[in-house]
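Here the structure comes first, spelled out in structure tokens, and everything after it is commentary.
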Amino acid sequence: MSIVIIRQDDKIDLWKQALQQAAPEIKVYSYLEDHPIEEIEMALVWKHPEGTLSKYPNLKYIASSGAGVDFIFSDESTPKNIPITRVVDTVLASDMSEYIVAVIFSFLKNLNTYKIAQTKSVWKPKAYHRITDFTVGILGLGALGKVLAKDLVRFGFNTQGWSASEKSIAGVTAYAGNKELSSFLSTTEILVCLLPLTDETSGILSKTLFEELPQGAHVINAARGGHVVDTDLIEMIDNGHLSGASLDVFHQEPLPTTHPFWAHEKINITPHYASVSDTASVVPQIIENYRNMKIGAPLLNLVSPKKGY
Ligand code: NDP
Ligand code: OXD
């Protein structure tokens, strides 16, 4: 019985080798090679082509090789009633935290403004900010948001967060549920989105939400492009309510070359690379789950089909 890897980027061989090295007794196939469809019990997926999962009649378990599972739930042909897991990993979380901290410091010290000025040979100092000038608010205090919150507290940022259920994190003001969202937003000057993409969170970064942020707020989205209403974001930056945005994720990836985000001087773009599953760190939990599945033991990092994350 075997594992199939299904993803459309160039990392199939990397994952295959890492799995085979860690557990030589397990057969691992790329979905692109000839493989015994009936033998496949587990699929390790990342943005798989829709419909591919339904080809395996004996599939018992689907593992996302990232933290997100939105692409699994949005594929209507995903087999129902089999467990789905995701990655929860300390390296993934610290990589994300380092990325967000870098973006925040770049915003505080106007580094993007100077990068643009450099392309025009313009020498023009601009007042910079300090850690103590801003309150950072994190949408989502899960595996990633929590680590970021703790790091920001260590740096000395006034830090707050919002989640579905109540949280208690030392030094962090925690808000929960829709009834507390407005209070959270009214004091958030740098907004970081680390929510999963679900029916409830899709389009959450809209004009209605931006209007509740203080004038001059900066928006950072490293979660999913589907959280953002793109036209609302541009409108709220152009009318001066928001000072700008830093985006790692987009509705369509790669971001189409004609998209207005590319040319916007107040929008910083990175290519969905804030934090990437590191095979060395992640493969052990994938193998452990394969073995758990074989003996009927509980799987690690299960997601809830009801909640969608
Ligand atoms: P988790 O599931 O651990 O955390 C999600 C958090 O969001 C939880 O705190 C949860 O609340 C909260 N939440 C979910 N729905 C709602 C809601 N409707 N209202 C309020 N709060 C809500 O996810 P991770 O932290 O591991 O990852 C978050 C996302 O980051 C991933 O889903 C993925 O899309 C993205 N990501 C992006 C990467 C990149 O490179 N750009 C890399 C890795 C991940 P509660 O705790 O109460 O359940
Ligand atoms: C993830 C991602 O979900 O890389 O892990 O976006």
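For ligands, and for the atoms within them, numbers begin at 1 and follow the listed sequence. Residue numbers run from 1 in the order of the sequence given. Heavy atoms only: backbone and side chains are in, while hydrogens, waters and symmetry mates are out.
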TODO: Using a 4.0 Å heavy-atom threshold (strictly under), name the region of W46 that reaches ligand 2: side chain, backbone, both or neither.
DONE: side chain
Task: ligand 1 to M96 polar contact by distance, N or O atoms, under 3.5 Å - done: no
Open item on the list: Under 4.0 Å from a heavy atom of H272: which atoms of ligand 1 are those, numbered in the order shown and with their elements?
Closed with: 39 (C), 40 (O), 41 (N)
Open item on the list: Can you name the atoms of ligand 1, numbered from 1 with element, that are less than 4.0 Å from a heavy atom of V249?
Closed with: 41 (N)
- [ ] Using distance alone, decide if ligand 1 has a nitrogen or oxygen within less than 3.5 Å of any nitrogen or oxygen in Y273.
- [x] no
- [ ] Say whether K146 and ligand 1 are in contact under the criterion: heavy-atom distance to a ligand atom below 4.0 Å.
- [x] no
Open item on the list: So is T198 touching ligand 1 or not, going by heavy atoms under 4.0 Å?
Closed with: no
TODO: Report yes or no: does H241 contribute a side-chain atom to a donor-acceptor pair with the main-chain N or O of F210 at less than 3.5 Å?
DONE: yes
Open item on the list: Tell me the nearest of S202, P196, A164, A222 to atom 37 (C) of ligand 1, using heavy-atom distances.
Closed with: A222
Task: Contact with ligand 1 for L197, non-hydrogen, under 4.0 angstrom - done: no
Open item on the list: If you take the nearest heavy atom of each of S163, G161, G68, which one is closest to atom 31 (C) of ligand 1?
Closed with: G68
Task: For atom 6 (O) of ligand 2, closest protein heavy-atom neighbour - done: H272 NE2, 2.6 Å
- [ ] Consider ligand 1: state whether an atom of it lies below 4.0 angstrom from any non-hydrogen atom of A223.
- [x] yes
TODO: Please write down residue, atom name and distance for the protein heavy atom closest to atom 5 (O) of ligand 2.
DONE: A67 N, 2.7 Å
- [ ] State whether the shortest distance between N or O atoms of S277 and N or O atoms of ligand 2 falls below 3.5 angstrom.
- [x] no
TODO: Examine G68 against ligand 2 and note whether any of their N/O atoms are separated by less than 3.5 Å.
DONE: yes
Task: contact_flag E166 ligand 1 heavy-atom lt 4.0 Å - done: no
Task: Closest to atom 30 (O) of ligand 1 among L144, V87, D70 (heavy-atom distance) - done: L144
